[in-house]
Amino acid sequence: MSMPSEERSLTYSAAILEATDQEMKANSKVVVFGIGVDDFKGTYGTTMKLAEKYGADRCWDTPLSEDAMTGVAIGMAMAGLRPIHVHIRMDFVLLAMNQLINIAAKARYMYGGQVSCPVIIRAVIGRSWGQGAQHSQSLYPLFMHCPGLRVLAPATPYDAKGLLLQSLRQQDPVLFIEHRLLHGQKGPVPEAPYAAPFGKARVIAEGRDLTLVGVSYATVDCLRARALLKKEGIDAEVIDVASLKPLDTRTILDSAAKTGRLLVVDSGWTFCGAGAEILAQASERFQDGKPLKTGRLGFAPVNCPTTQNLERAFYPDAAKIAAASFELVRGERREWPVVETAAEVLNFKGPF
Amino acid sequence: MSMPSEERSLTYSAAILEATDQEMKANSKVVVFGIGVDDFKGTYGTTMKLAEKYGADRCWDTPLSEDAMTGVAIGMAMAGLRPIHVHIRMDFVLLAMNQLINIAAKARYMYGGQVSCPVIIRAVIGRSWGQGAQHSQSLYPLFMHCPGLRVLAPATPYDAKGLLLQSLRQQDPVLFIEHRLLHGQKGPVPEAPYAAPFGKARVIAEGRDLTLVGVSYATVDCLRARALLKKEGIDAEVIDVASLKPLDTRTILDSAAKTGRLLVVDSGWTFCGAGAEILAQASERFQDGKPLKTGRLGFAPVNCPTTQNLERAFYPDAAKIAAASFELVRGERREWPVVETAAEVLNFKGPF
Amino acid sequence: MVSEPELIPRLYRSLYRIRRVEEEVARLYPSDKIKSPVHLSIGQEAVAVGVCDPLRRDDVLFGTYRDHATYLAKGGDLRRMMAELYGKATGCAKGKGGSMHLIDLSVGAMGASAIVGTTIPHAVGYSWSLRYEKKDSIVVSMFGDGAVDEGAFHESLNFAGVKKLPVLFVCENNYYAIHSHHLTRHASDNLCERARTYGMPAERVEQNDVLAIRERVAAAVDSLRRTGKGPHFIECMTYRFKEHVGPNEDYQHGFRPKAEAEPWMKGDPVKTLAEQVPAADRVTIEREVEAQVQDAIDFAEKSPYPDLKELYTDVYAE
Amino acid sequence: MVSEPELIPRLYRSLYRIRRVEEEVARLYPSDKIKSPVHLSIGQEAVAVGVCDPLRRDDVLFGTYRDHATYLAKGGDLRRMMAELYGKATGCAKGKGGSMHLIDLSVGAMGASAIVGTTIPHAVGYSWSLRYEKKDSIVVSMFGDGAVDEGAFHESLNFAGVKKLPVLFVCENNYYAIHSHHLTRHASDNLCERARTYGMPAERVEQNDVLAIRERVAAAVDSLRRTGKGPHFIECMTYRFKEHVGPNEDYQHGFRPKAEAEPWMKGDPVKTLAEQVPAADRVTIEREVEAQVQDAIDFAEKSPYPDLKELYTDVYAE
Ligand SMILES: Cc1ncc(C[n+]2csc(CCOP(=O)(O)OP(=O)(O)O)c2C)c(N)n1
Ligand SMILES: Cc1ncc(C[n+]2csc(CCOP(=O)(O)OP(=O)(O)O)c2C)c(N)n1
Ligand SMILES: [Mg+2]
Ligand SMILES: [Mg+2]
């Protein structure tokens, strides 16, 4: 990926840990909490040993009280702290919607600009291993819809660190979305602290024939699809959306204007999803001239099943992206043989 | 509106009351509950005197416990009842998201088709009178996004009755959205019970030049805008979307194909909203030939302010719809003088 | 019983001021200048005043949409409150929040919320921060008997009990949530017992009496501030004289009999305390308050509405 | 103490069967044939068995993702359970639910949920319906000590107490929620006191002893069914021998010492009861159970995976 060239490489989870660690060191107002953040698993490694290093006041376990703990985070932020509330599954955030949407997203506005709520909600999208309908949702469009929230979905270790640091240095509530299968992915990460910008999509591979936009983990599959398409002489540009709100539709639509074809791959359902918003903006922008060819992929419009063959059919993957791309470019259907499922999917055995 | 011609006319709230009453009479399994459903205001009249008529077991007040009461409704539905859980404000449903999305929407699927959850969640979108950010949200895209739910937003008394009766006779969880300013609107409503179909958009006024799609109360403003546009020689077709999930994009896109111009007016924010989904589907469908001119209107992308001048600017209205339509049709901007605010807005004094 | 000589006049000033402000709000309401749902505390003022009097300016209070009394008792600016009700740019939330979201950070009157129960965990989180930063301020969380039904109440008290936080929970039990009596929502009249199970002392003040409330709160606040022993719960029994929302009465609707209200009206906390204030002081206080109230109304009337571009500000920080 | 002669063999059969099923699940797990997170009840079986034995088939139980024991104890079909863990079309949820969502409506084993606390209000709502329809079945809601932290617990018990519903709440207190001890999440060890404040009797069974649990549950169920006096709460102290999720132990990670587990292992409910079963009966029971377990595994192994079109069914009714 076209990240700043760096020798140093870290996993995505190590990048999150590093950002947290560095900012906790620099700023005593940063406090991390959530179910299990201080245990021996350390939230998939992302909070490992922070309690030992910074003390039980800086990194602590909570009761199973997602609603109130979100409110507690808001109260802490109102008092000037920098709370990071961690959820091992995005699905649990549904218990915190009232605090997030009725308070965090609105506090600044309804109190006339006097109150900041810079809470960071880290939420992990689950996948694989038969976790089923209640542990596999992404739900980010629910948050994109509501003004007042920032919604980030880094796809690379570089952005995981940079966007988390940036989140800790700005004044708005952030929903910080991690995909469980990204945690083990490696990539270049500079050691010194750095902030990556919100509202900036990343063109991670250039191409002429088609624009592929990936959200979160789908970006990885877009890159794989690009390799498949290359063999057919199709040259795909791949964009990692990275920041869902603000959403950098300018970069995306400029690319689409260049390639004439736009396929958005959500790591979630497509109905009223990120792809819907992007295609709607494309439709509003390209009102004249040659129409843009567009498409969306994402989860099947069903709940996530547990058994493996159905689960595989549920998710978008490189083969499906390649097939949809081929159709947009060549106007005909071509199926890819079921691509060997990606290693991070095959090897995933938990921790849950 | 092109409803079945009928002498009899009812308000929207009376239509909801009538549907509930008729089905409670026909089916002892129908039970209504929610904060204040049995009080002297009777949820804006929609549940008036049902407790007296059918007994305290059929229509009852609840503690302020939106999360558990939604779970209670689900348990009742699993036991074969037909619960209707009423929220005087949509905003409170944010406390019930876990039960609605993690359970009601998934029960059938994750239990392999054995469990039905026909709960009906009636939720009222607030507006006017300085209610502010926490009492003016519509939030329907949050529910449209998730498979397993039905989302209805009747705009007419006819559909309010017909869609509620249909909801009570089918087997899926329904989010039934009412707009507070619709409650007082009158329209034809046959007395005998009837079911209106899900997944069917209603063409309520025909036209050649432009397709206006309204969601919930926005439909009323679309009709007003149509009258304004008529004076300019622009002939708008108006579609009341009525059912958001399933969403009848076929009717909408067929109309758009005819007029070549599509403006969707959400009664809510537009980002990842109903308009986004409709425009995205339009973009996917119209890949060749003359591009469709499209646009979206909805709430300003901010939280709802309380003071009147800002509140007026926050909402879409007939003038704004007319101006956006004019631009789509004529390619140039034309402002309408601020139209006298509609009577139902001006006269609204609560009850809260 | 505290015996500072200025105590009673000071409390009376606060009580009378709140009462008069709300009476004026009720009087103005039909003119439609205040386009915002108002939840009046008329009859309940003793709770806000008794709770806030022992607090320091740097103590913090989180309340509910029924927030006029708490905002004023905590020292919130009256002019900016009135302007907020009028939806003016000079309002305490620039006209964007209205009656239900009054805020004055300079005196620790934190913004209120229209969603029942939501500010309870904010108070808890704020108190966590105060202790973390080794400050000796404390936090008060005020809520109604309806908020007790919500899961947030349970989760918040549980967490505060586990962490032994410097937060005082005050349940303003006026018997009703809108039109619903608290014994139709709770199996028995035992909120203090519930609170105790979370590991905190709990007590109930029956009398709607500002001095009694003040005394208990002062003791609790003192202990919170000094001992670090953790949260405290006080239930104040009180009664709302007006309808749930709006300027009128609601006895005619039959859900609560006027007879139920009468003893409370007889013990009206403002009138009761008035009798204890030396006559001369009382005249001065009332005159000064009247002037302040009129000044605030004038201020609100004369202030401009916000500029239209304000619609788009304050959504995000930059 | 109940004295039917078949009681002890019957309970032993149920305990032993659950234990053996889960041991097989643990044994098979590394083969990756079960691709689903398994939360084993090994060590806790006495609770499920003691609770379910006094229930009728038409009584209904709502449990948690740690549901193998409750599903089997309530009479859920073993073959279909094993097929579900294997993700087969013959599974009790057609392979769409996995280990955390076992269901067998024919015996009142209602579907379980992976979200902590969510089924508590379902049990309450179900019990409302039973009373409304004048049935004499009752509902059991089982949940862990972690679920008690959730707002849903409070809201559900409060409502059940107000409405006096025929529901038995059973808190399976194994001291931990994942790796978090209950006294780090609750200010004191007093869940029964909390339950009582909602207007219901509450009692605690310390021993992880199937007979003691069964006796208290039988009495409670009898009262629920006959008297209409409303809900009942029982806290059963127990201990999980394995890790939170998965087939292994977790003592090496240091968050709970093996020494803490040892008394519980000494009192292993399966082994303890085994000693009370006449030797000949025991041999028969164990032989029969082994055959059933093997049969269920064979059934699961041989069953087909669901057809791909199953992906799209069961989202909506039609
Ligand atoms: C979560 C939520 N549910 C319902 C409502 C509607 N509502 C507004 S005020 C109120 C009553 C609250 O009663 P209580 O807490 O006793 O406060 P009081 O009004 O008596 O001061 C209700 C139910 C709400 N605002 N928020
Ligand atoms: C609402 C929610 N929060 C967090 C989790 C993550 N989680 C899964 S199991 C569990 C522990 C539950 O403990 P307890 O209720 O005691 O049941 P046990 O596992 O001990 O049987 C947690 C925190 C979840 N599934 N749901
Ligand atoms: Mg009250
Ligand atoms: Mg436990």
Side-chain angles (χ1 to χ4, degrees), chain A residues 28-29 31 33 55-58 60-83 85 95-96 98-99 101-119 146-150 169-173 198-199 245-246, chain C residues 60 62 80 84 89 91-98 100-106 110-115 117-133 135 137 139 141 150-160 162-163 165 167 306 310 313-318:
Chain A
S28 69
K29 301 210 180 259
V31 175
F33 56 94
D57 251 15
R58 301 285 303 279
W60 34 277
D61 189 37
T62 73
L64 284 70
S65 302
E66 288 79 2
D67 176 19
M69 293 315 306
T70 309
V72 163
I74 290 170
M76 288 166 68
M78 287 178 173
L81 297 188
R82 290 266 173 198
H85 187 197
L95 283 157
N98 178 50
Q99 288 290 344
I101 294 181
N102 278 333
I103 303 288
K106 296 182 172 43
R108 184 184 306 285
Y109 200 86
M110 74 188 179
Y111 302 134
Q114 295 164 81
V115 171
S116 290
C117 262
V119 294
C146 302
L149 299 175
R150 302 297 194 187
R169 294 168 186 181
Q170 54 83 60
Q171 294 297 333
D172 292 310
F198 289 5
K245 194 148 190 188
Chain C
V60 156
F62 286 85
R80 302 192 64 202
E84 187 61 36
C92 59
K94 300 203 268 183
K96 292 175 166 184
M100 300 199 288
H101 305 294
L102 298 181
I103 182 166
D104 190 338
L105 294 178
S106 70
M110 301 303 295
S113 165
I115 311 289
T118 43
T119 64
I120 305 176
H122 304 164
V124 173
Y126 205 105
S127 75
W128 191 95
S129 306
L130 290 175
R131 205 202 27 209
Y132 174 73
E133 300 200 312
K135 297 187 180 152
S137 321
V139 182
S141 170
E150 292 284 356
F153 168 82
H154 162 78
E155 295 183 0
S156 300
L157 269 73
N158 183 53
F159 180 74
V162 168
K163 297 285 180 186
L165 297 176
V167 54
E310 277 293 329
T313 62
D314 302 324
V315 184
Y316 294 101
E318 79 280 24

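A note on names: the letters A, B, ... follow the listed sequences, proteins ahead of strands, and every chain is numbered from 1. Side chains are part of it too, since the values below use all heavy atoms of this structure and drop only hydrogens, waters and symmetry mates. These numbers were taken from a predicted model, which means no experiment stands behind them.
Interface remark: C:S127 contributes no atoms to any contact with chain A (heavy atom separation under 4.5 Å). Heavy atoms closer than 4.5 Å to chain C are found in the side chain of A:Q99, but not in its backbone. At a 4.5 Å heavy-atom cutoff, A:T70 makes no contact with chain C through either its backbone or its side chain. Proximity to chain A (any heavy atom under 4.5 Å) is shown, for C:E84, by neither the backbone nor the side chain. With a 4.5 angstrom heavy-atom cutoff, A:P147 touches chain C via backbone and side-chain atoms both. In this structure, no portion of C:A123 lies under 4.5 Å from any heavy atom of chain A. The part of A:N98 that comes within reach of chain C is its side chain, from C-beta onward, which places non-hydrogen atoms under 4.5 angstrom from that chain. Proximity to chain C (any heavy atom under 4.5 Å) is shown, for A:D57, by both the backbone and the side chain.
No other option in C:L105, C:V139, C:V60 has as many heavy-atom pairs under 4.5 Å with chain A as C:L105. Chosen from A:S65, A:A107, A:P83, A:S28, the residue pairing most often with chain C at heavy-atom distances under 4.5 Å is A:S65. Counting heavy-atom pairs closer than 4.5 Å to chain C, the top residue among A:G113, A:P173, A:G148 is A:G148. Between chain A and the options C:G97, C:G111, C:S113, C:G98, heavy-atom pairs under 4.5 Å are most frequent for C:G111. Your options are A:R58, A:Q170, A:Q171, A:K106, and the one with the most heavy-atom pairs under 4.5 Å with chain C is A:R58. With chain C as the partner, the residue from A:G71, A:G80, A:P63 showing the most heavy-atom pairs under 4.5 Å is A:G71.
Residues A:R108 and A:C117 fail the side-chain proximity criterion, which asks for heavy atoms closer than 4.5 Å. Considering only heavy atoms from C-beta on, A:R150 comes within 4.5 Å of C:Y316 through its side chain. No side-chain heavy atom of A:M76 sits less than 4.5 Å from a side-chain heavy atom of C:Y132. Looking at C:K96 and C:D314, their side chains come closer than 4.5 Å, going by heavy atoms from C-beta outward.
Between C:E310 and A:Y109, the shortest heavy-atom contact is O-OH, 3.9 Å.
A salt bridge is absent between C:D104 and C:R80; no separation between the charged side-chain nitrogens and carboxylate oxygens falls under 4.0 Å.
Judged purely by distance below 3.5 Å, without hydrogens or angles, the side chains of A:E66 and A:H85 never pair a donor atom with an acceptor atom.
The aromatic rings of C:F62 and C:H122 sit perpendicular, their planes meeting at an angle over 60°, well past the 30° parallel limit.
The side-chain contact (heavy atoms from CB on, under 4.5 Å) with C:S129 is formed by just one residue from the set A:V31, A:V72, A:L81; it is A:L81.
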